[in-house]
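For reference, positions follow the sequence shown, starting with 1.
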Amino acid sequence: MRSFRALFGLLVVAGLVYAASTFLPLYFNNYQFQDDLNTEAHFDSTGYGGKEDEAIRQVVLKKAAEYKITLSPELIHIDRSGPEVAIWTEYKVLVKLINGKTVLLQFRPHSQNAKPPDS
């Protein structure tokens, strides 16, 4: 009976390690990509960037490629409302599990920053 418990415990730990090694990198890459979107929107809304929409798209595409995120330019949305800049996108990642099943993860990183009022 003890060996069964030990084997079961080992299988649970192995499953947790497998799940962490499969899913954590995807969520971590999304977190870093989200941070890059925040930085891009912040610098553009503070007036230091002042980039055209197409230049912002190219920066976002480059950052996505760094994190192995597949995006096309038409999936990157940029909206300007006065001094406010909003950047958002959506992408999906298909994860194949060890048992042959697949899981579809959907990510929707976004950022919206406003230019501070002039004092």
Above 12 or not: heavy atoms from other molecules or residues under 6.0 Å from CD1 of Ile98?
no
Hydrophobic cluster of Leu10, others only, ordered by chain and residue number, side-chain cut-off 4.5 Å:
none
Sequence neighbours left out, what passes ring-ring contact (aromatic ring centres under 6.0 Å, His included) with Tyr27? Give chain and number order.
Phe107
Could you note down all residue pairs passing side-chain hydrogen bond (donor to acceptor under 3.5 Å, both in side chains) where residues 91-104 supplies at least one of them, sequence neighbours left out?
Asn30-Tyr91
Which residues share a salt bridge (Lys or Arg N to Asp or Glu O under 4.0 Å) with Arg108, sequence neighbours left out:
Glu90
Looking at Leu61 and Ser72, what are the two nearest heavy atoms and their distance?
CD2-C, 4.1 Å
Hydrophobic cluster partners of Val59 (side-chain heavy atoms under 4.5 Å):
none
Excluding sequence neighbours, so at least two apart, what forms ring-ring contact (aromatic ring centres under 6.0 Å, His included) with His77?
Trp88
Apart from Leu24 itself, members of its ILVMFWY cluster (side-chain separation under 4.5 Å) are none
Atom pair CD/CZ of Glu52 and Arg57 - distance to nearest 0.5 Å
11.0 Å
Going from CG on Leu7 to CZ on Arg5, what distance comes out if it is rounded to the nearest 0.5 angstrom?
13.0 Å
For Glu66, check side chain to side chain donor-acceptor pair (under 3.5 Å) against everything at least two apart and list the hits.
none
Tell me if the CZ atom of Phe28 is crowded by more than 12 foreign heavy atoms within 6.0 Å.
no
Give me the atom names and distance for the closest heavy-atom approach of Ala20 to Pro25.
O-CD, 3.6 Å
Besides Tyr31, the hydrophobic cluster formed by Ile, Leu, Val, Met, Phe, Trp and Tyr side chains linked at under 4.5 Å, directly or via other members, contains none
State which residues pass side chain to side chain donor-acceptor pair (under 3.5 Å) with Thr22; sequence neighbours excluded, sorted by chain then number.
none
Over all heavy atoms of both residues, which pair between Ile69 and Asn29 is shortest? Give the atoms and the distance, please.
CD1-O, 4.3 Å
Report the distance from atom OG of Ser111 to atom CD1 of Ile87, rounding to the nearest 0.5 Å.
6.0 Å
Rounded distance [0.5 Å steps], CD1 in Ile78 versus CD in Glu54
7.5 Å
With sequence neighbours excluded, what pairs up with Asp53 under the side chain to side chain donor-acceptor pair (under 3.5 Å) test?
Arg80
Which residues satisfy the side chain to side chain donor-acceptor pair (under 3.5 Å) test with Tyr67, sequence neighbours excluded?
Asp36
Return yes if some donor-acceptor pair links the side-chain N/O of Thr89 with the main-chain N/O of Leu75 below 3.5 Å, else return no.
yes
